[in-house]
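These notes are about the structure you will find just below.
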Amino acid sequence: MRKPIIAGNWKMNKTPSEAKALVTELIPLVKDANCDVVVGVPAVNFAAVAEVIKGTNIKLGAQNMHWKESGAYTGELSAAMLKECGVEYVILGHSERRQYFGETDATVNLRTLAAVKAGLTPIICVGEKKEEREAGYTNALVAYQTLIALTGLTAEQVKNVVIAYEPVWAIGTGLTATDEQANETIGVIRAAIRGVYGDAADEVRIQYGGSMNPKNCKGLMAQPEIDGGLIGGASLKAPDFAQVVNFDK
Ligand code: 13P
């Protein structure tokens with residue numbers, strides 16, 4: 001059985017004082033969660049959030065990282081920097097990074113390899129755009145994005161990676177994939193992983209992301225292939241995020 005994982009992706013929201021207030025409110029609301037709980041926060045909030053969540057069941061996540069260990073890469077952060085700040089998870093290849101910041105499948109792969117090497121758990125985002133779904137390319141595309149991202153990892157390493165299936169047309173739009181659509185595409189991703197890494201695929205946790213909220217989380221989480229959620233907008237309000245975390249209660 002795969003342990004569910006619910007992660008918040010705060011994106012470019014919350015200053016350090018606001019971040020502190022949000023996690024302080026969240027702690028008592030999620031303390032009895034049966035899933036792994038992660039908050040993916042802007043890097044300027046690492047210190048404030050790490051201090052508040054110490055000793056709780058909430059884990060710290062980053063939203064990106066560079067693959068080099070150090071050097072002349074202005075504005076970038078290394079895995080070691082994240083680790084020393086208490087970060088355990090790192091979101092990689094989010095569609096917003098692909099769309100606005102030139103992220104490619106090849107650089108997602110480099111980041112994934114560097115994250116795993118450093119002992120961080122990557123949350124690798126894949127997903128199709130609306131026109132790609134309409135053209136019938138969804139399955140091929142998510143399988144390709146996933147396998148490129150994982151290239152160079154051993155089956156043992158793949159087991160610990162988290163994949164987030166985020167249809168781009170469902171992000172921040174209020175449109176969600178139906179429970180069945182999400183389950184089917186996540187099944188395709190798992191089958192692609194199985195094709196290369198065998199039974200390791202059964203241990204990989206694959207989240208759904210895209211307008212997931214307190215209302216639709218139960219239906220999505222009831223699907224057999226869906227192991228969690230990557231939550232944007234609804235992760236910015238503690239009661240809403242807590243309801244998603246407590247989807248099984
Ligand atoms: P929303 O939940 O706001 O649609 O964002 C989803 C997302 O992009 C999480 O990474």
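Positions are given from 1 along the sequence. Counting starts at 1 for both ligands and their atoms, following the listed order.
Side-chain contact between N160 and V158 is absent, with no heavy atoms from C-beta onward closer than 4.5 Å. Residues Y165 and V142 have side chains in contact (heavy-atom distance under 4.5 Å, counting atoms from C-beta outward).
Under a 4.0 Å N-O distance rule, the pair E156/K159 qualifies as a salt bridge.
Within 4.0 Å of ligand 1, heavy atoms belong to protein residues N9, K11, H94, E166, A170, I171, G172, G210, S211, L230, G232, G233.
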Please table the atom pairs, donor to acceptor, closer than 3.5 Å between any side-chain atom in residues 31-43 and protein atoms at least two apart or in another chain.
| from | atom 1 | to | atom 2 | distance (Å) |
| --- | --- | --- | --- | --- |
| N34 | ND2 | D248 | OD2 | 2.7 |
| D36 | OD1 | K3 | NZ | 3.1 |
| D36 | OD2 | R205 | NH1 | 2.8 |
| D36 | OD2 | R205 | NH2 | 3.4 |

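A donor and an acceptor atom, one from each side chain of E128 and W169, are located under 3.5 Å apart.
Residues S95 and I171 come closest through the heavy atom pair OG-CD1, 3.2 Å.
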